[in-house]
Amino acid sequence: MKILIRSFGLTVMGVYVCLMLFYVYDLNIRYDELNRISTIAMANTQILMQENIEDKYFGTSNARVNIDDNDTYLNIYKENLNKLVSTNSDYEVSDYYADYNSGLLYVLVRCKYKSLTGNYRYIDRKLINFIDVLV
């Protein structure tokens with residue numbers, strides 16, 4: 001009987017340890033994806049915006065996408081972000097400020113995912129970036 005109780009206790013402890021490891025592993029995947037895709041989306045958006053600003057300063061027409069208002073600027077960031085999602089998380093830009101004249105973009109990206117227990121959890125990341133074009 002003692003052996004049965006000890007083996008049952010060790011099994012329960014092993015299950016708890018496995019659940020904790022699954023939770024930490026899942027959380028690391030979410031953090032890594034949020035950091036990676038938000039940074040890449042910001043870099044890609046700022047490259048397109050830099051082309052637009054350089055066109056204004058130098059009088060050229062080298063820009064791949066014409067960005068002429070703040071909503072277009074933000075929508076390009078959202079498109080770049082959504083293209084990079086690889087998990088079953090939902091990403092939304094919940095707070096933002098965009099200024100297409102100066103190349104300033106601030107976003108608060110919120111990751112919503114379902115945890116192992118079935119509850120929804122959120123991870124937030126703020127990014128701010130501006131373009132400095134040397135004339």
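For the single chain, residues carry numbers from 1 onward in sequence order. The analysis underlying the following values was restricted to heavy atoms, covering all of them including side chains, and did not include hydrogens, waters or symmetry mates.
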State the [atom1]-[atom2] distance between [X] and [Y], to the nearest 0.5 angstrom.
X    : Y    : atom1 : atom2 : value
L105 : N129 : CG    : CG    : 7.5 Å
I67  : N101 : CD1   : CG    : 11.5 Å
N35  : I123 : CG    : CD1   : 9.0 Å
N75  : L81  : CG    : CG    : 12.0 Å
N62  : D55  : CG    : CG    : 5.5 Å
L104 : N70  : CG    : CG    : 9.5 Å

Nearest non-hydrogen partners of [X] and [Y], listed with the distance:
X    : Y   : result
S89  : V85 : O-CG1, 4.1 Å
S38  : Y77 : O-OH, 3.4 Å
C111 : L34 : CB-CD1, 4.3 Å

Can you list every salt bridge (Lys or Arg N to Asp or Glu O under 4.0 Å) pair that touches [range], not counting sequence neighbours?
range            : answer
residues 111-132 : R110-D124
residues 68-84   : none
residues 8-19    : none

Please list, chain by chain and in numerical order, all residues satisfying side-chain hydrogen bond (donor to acceptor under 3.5 Å, both in side chains) with [X], sequence neighbours excluded.
X   : answer
N44 : none
N66 : none
E51 : R64
D99 : S102

With sequence neighbours excluded, residues passing side-chain contact (heavy atoms from CB on, under 4.5 Å) with [X]:
X   : answer
N28 : V24
L19 : V15
S61 : none

Query raised in the report: Taking only residues at least two apart or on different chains, which pairs with a member in residues 9-27 satisfy side chain to side chain donor-acceptor pair (under 3.5 Å)?
Result: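 Every side chain to side chain donor-acceptor pair (under 3.5 Å) pair that includes a residue of residues 9-27, provided the two are not neighbours, is D26-R30.
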Query - side-chain hydrogen bond (donor to acceptor under 3.5 Å, both in side chains) between Y91 and E33, intermediate numbers included - result: CA-CA 11 Å; Y91 289 90; E33 183 182 48; 2.7 Å; yes
Query raised in the report: When M42 is tested against each of V109, V107, I128 for side-chain contact (heavy atoms from CB on, under 4.5 Å), which residue passes?
Result: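 For M42, the side-chain contact (heavy atoms from CB on, under 4.5 Å) check succeeds only for V107.
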Query raised in the report: Can you tell which of L27, D90, N119 makes a side-chain contact (heavy atoms from CB on, under 4.5 Å) with Y113?
Result: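 Answer to the side-chain contact (heavy atoms from CB on, under 4.5 Å) test with Y113 among L27, D90, N119: L27.
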Decide whether [X] and [Y] are clustered together by the hydrophobic rule: side chain heavy atoms of Ile, Leu, Val, Met, Phe, Trp, Tyr closer than 4.5 Å, transitively.
X   : Y   : answer
V65 : F58 : yes
I29 : I37 : no
M49 : Y57 : yes

Query raised in the report: Taking it one step at a time, do E54 and Q50 satisfy side-chain hydrogen bond (donor to acceptor under 3.5 Å, both in side chains)?
Result: CA-CA 6 Å; E54 287 175 350; Q50 182 177 0; 3.2 Å; yes
Report task. Would you check, one step at a time, whether the test side chain to side chain contact (heavy atoms under 4.5 Å, CB included) holds for L108 with V93? Result -> CA-CA 6 Å; L108 173 64; V93 177; over 6 Å; no
Query raised in the report: Do Y73 side-chain atoms and G103 backbone N/O form a donor-acceptor pair below 3.5 Å?
Result: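 Side chain of Y73 to backbone of G103, a donor-acceptor pair under 3.5 Å: yes, one is there.
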Query raised in the report: Are side-chain heavy atoms of D95 and Y106 found at a separation under 4.5 Å?
Result: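 Of all side-chain heavy-atom pairs linking Y106 with D95, at least one is under 4.5 Å.
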Report task. Verify the neighbour count for atom CG of L116: are there more than 12 heavy atoms of other residues, nucleotides or ligands below 6.0 Å? Result ->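 Result for CG/L116: enclosed.
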Query raised in the report: Linking Ile, Leu, Val, Met, Phe, Trp and Tyr through side-chain heavy atoms less than 4.5 Å apart, which residues share a cluster with I47?
Result: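 Members alongside I47: none; it stands by itself.
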